[in-house]
Amino acid sequence: MADDHTLGELIDMQLSQNGPMSIATYMSLALTHPRSGYYTGKDPLGRGGDFVTAPEISQMFGELIGFFIVNLWQQMSEPKSFTLLELGPGRGTLMQDALRVAARAEGFLDACHLQLFETNPALKAQQAERLGQYNPYWASEIDSVAEDPIFVVANEFFDALPIRQFVKGTDGWHERQVGLRDGKRTFGLNPTPIPDTVMPEEVRSARPGEIYEVSLAAADVMQKLGTRIREQKGALLAIDYGYATTQTGETLQAVSHHAYADPLESPGEIDLSAHVDFGALARVATDLGLTVEKLSTQRDFLGALGIVERASALARANPGQMDAIGAALRRLTAPEEMGTLFKVFCAHSGDLEAVGFPS
Ligand SMILES: C[S@@+](CC[C@H](N)C(=O)[O-])C[C@H]1O[C@@H](n2cnc3c(N)ncnc32)[C@H](O)[C@@H]1O
């Protein structure tokens, strides 16, 4: 394949040679194609980028997660060696804020082996800059973690993993695909029906036209890390937009420069994501024998960990910043902002109690 083709052209060549591809294949190419994928090229974060994430809004977000992890570590009687793994660490801001707080717990940093899982070279460079002092190790495989207790943090990571979509028909489910019509990328359906019995119980009574989304990649991450957590003890904390129980509904979305876009336009240049089926993650974790907390909201989780008190303390220490701190607090917690859209999921070994979740 010639190097001067855009990713859209490369995908179109593949479609015309091989026929339609699943949405998961299209998303994988668009997001993580080795040369031209969205998450292998530029830094998409921040006001000048395509979207702003919670840790980029305020240091309070990462700080409270730091407190959450220290609490788990203390409950385990402060193991002398453990892995702290962040999935999709972005600019490294969350972990920088978390470790600044965690460093106050004596022995924490000495025991901590920081692992980062990231595809984007531009973001890896920023992570190296912000987190270099903690000697991070970039894992190339999600399950290449050491054999000590493990704490996993993932903010807006699972939503970037590919999904497949199935549309209910009168004769079963048909996979939604990306193909070419008159030389233009378009959605279509695989003609071969898949029987209802293959689908999770929650969606079997769907009416024709309803869409079911499944992320095998997300389930795979949960399975691999959940197995480690069961065997080595620990926890996985994931914050993302999503829903508590498996259900129908289309959530695939494209965002470019803070506005919605057409998912089939400009692959590699726009962000593609889908809401996370936390019900599916919970099933995988529960089947592994982990304890899964009731899905919380970002508002309730940060509230329970003391974000209002932290905001007041910050404002007292930085009176000139009071308005900005208040605005960040609102942005992270107000129901009309990120407060209830974003959910907090935690699966952990049975010996632990997760702070910030209702008991
Ligand atoms: C939406 S950004 C969130 C960044 C960061 N967690 C934050 O909150 O600012 C998604 C992150 O996951 C990374 N990422 C996306 N897909 C990935 C994949 N398949 N494997 C590893 N990292 C991935 C991106 O490069 C980016 O760092």
Side-chain angles (χ1 to χ4, degrees), residues 24-34 36-66 84-99 114-131 136-145 152-163 215-222 224-225 236-242 253-256 258 267-268 270-276 298 302 328 331-332 338 341-345:
T25 304
Y26 176 76
M27 270 182 97
S28 279
L29 288 169
L31 294 177
T32 52
H33 179 278
S36 319
Y38 180 76
Y39 279 123
T40 32
K42 60 176 184 170
D43 168 3
L45 296 160
R47 279 170 228 291
D50 289 323
F51 50 85
V52 180
T53 56
E56 301 299 331
I57 292 172
S58 167
Q59 66 186 75
M60 297 185 286
F61 187 79
E63 288 174 347
L64 293 172
I65 289 176
L84 176 55
L85 167 66
E86 185 172 1
L87 307 176
R91 292 177 168 174
T93 310
L94 186 162
M95 195 49 75
Q96 186 184 34
D97 293 331
L99 290 178
L114 181 61
Q115 269 205 343
L116 307 171
F117 184 65
E118 175 60 67
T119 42
N120 184 321
L123 292 177
K124 270 187 188 172
Q126 295 203 45
Q127 292 156 22
E129 205 173 293
R130 294 203 169 83
L131 301 170
Y137 164 75
W138 281 268
S140 54
E141 296 294 330
I142 202 113
D143 53 355
S144 66
V145 286
V152 185
V153 177
N155 185 59
E156 289 208 48
F157 170 78
F158 281 99
D159 68 348
L161 298 181
I163 54 152
S215 176
L216 298 181
D220 184 54
V221 170
M222 188 66 242
K224 285 177 171 153
L225 292 175
L236 178 145
L237 182 76
I239 303 119
D240 234 308
Y241 37 74
Q253 68 177 34
V255 169
S256 177
H258 305 270
I270 56 174
D271 178 42
L272 291 179
S273 66
H275 286 213
V276 177
Q298 181 164 300
L302 295 178
R331 189 112 185 254
L332 291 175
M338 298 175 82
L341 176 64
F342 280 77
K343 308 289 193 292
V344 186
F345 170 91

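Counting starts at 1 for both ligands and their atoms, in listed order.
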[options]: member with heavy atom nearest to [atom]:
atom                    : options              : value
atom 7 (C) of ligand 1  : T53, I239, V153      : T53
atom 1 (C) of ligand 1  : F157, Y39, F61, Y38  : Y39
atom 27 (O) of ligand 1 : E118, R91, E56, K124 : E118

Any nitrogen or oxygen of L123, main chain or side chain, under 3.5 Å from a nitrogen or oxygen of ligand 1?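 Such a contact does not occur with ligand 1.
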When only distance counts, is D159 in polar contact with ligand 1, meaning an N/O pair under 3.5 Å?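 Looking only at distances, the answer is no, because the N/O contact criterion of under 3.5 Å is not met.
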Could you tell me, atom by atom, which parts of ligand 1 come under 4.0 Å of a heavy atom of [X]?
X    : value
F51  : 1 (C)
P55  : 7 (C), 8 (O), 9 (O)
G90  : 4 (C), 5 (C), 27 (O)
N120 : 25 (O)

Among the heavy atoms of L31, does any lie under 4.0 Å from an atom of ligand 1?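 Heavy atoms of L31 never come under 4.0 Å of ligand 1.
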Give me the nearest non-hydrogen protein atom to [atom] as residue plus atom name, then the distance to 0.1 Å.
atom                    : answer
atom 10 (C) of ligand 1 : E156 O, 3.3 Å
atom 5 (C) of ligand 1  : G88 O, 3.3 Å
atom 8 (O) of ligand 1  : N155 ND2, 2.7 Å
atom 23 (C) of ligand 1 : T119 OG1, 3.5 Å

Testing K124, E129, R130 one by one against Q126 for a side-chain hydrogen bond (donor to acceptor under 3.5 Å, both in side chains), which residue passes?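 Only match with Q126 under side-chain hydrogen bond (donor to acceptor under 3.5 Å, both in side chains): R130.
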If you round to the nearest 0.5 Å, how far is CG of L116 from CG of L85?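 Between L85 CG and L116 CG, I get 8.0 Å after rounding to 0.5 Å.
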Please round to the nearest 0.5 Å and tell me the distance separating atom CD1 of I142 and atom NZ of K224. 7.5 Å
Please work out whether the ring planes of F117 and F157 are parallel, tilted or perpendicular, with thresholds of 30° and 60°.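 Judged by the thresholds at 30° and 60°, the geometry between F117 and F157 is perpendicular.
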Hey, what's the ring geometry for Y241 with F342, parallel, tilted or perpendicular (30° and 60° as the breaks)? perpendicular
Given I239, which partner from the list V276, L302, T53, N155 fulfils the side-chain contact (heavy atoms from CB on, under 4.5 Å) test?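 It is N155; the other options fail the test.
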Side-chain donor or acceptor of [X] paired with backbone N/O of [Y] under 3.5 Å:
X    : Y    : result
T40  : H33  : yes
D159 : S273 : no
Q127 : G90  : yes

Closest non-hydrogen atom pair, Q96 against L131: N-CD2, 3.5 Å
Mode of A217 contact toward ligand 1 - side chain, backbone, both, neither (heavy atoms, under 4.0 Å): neither
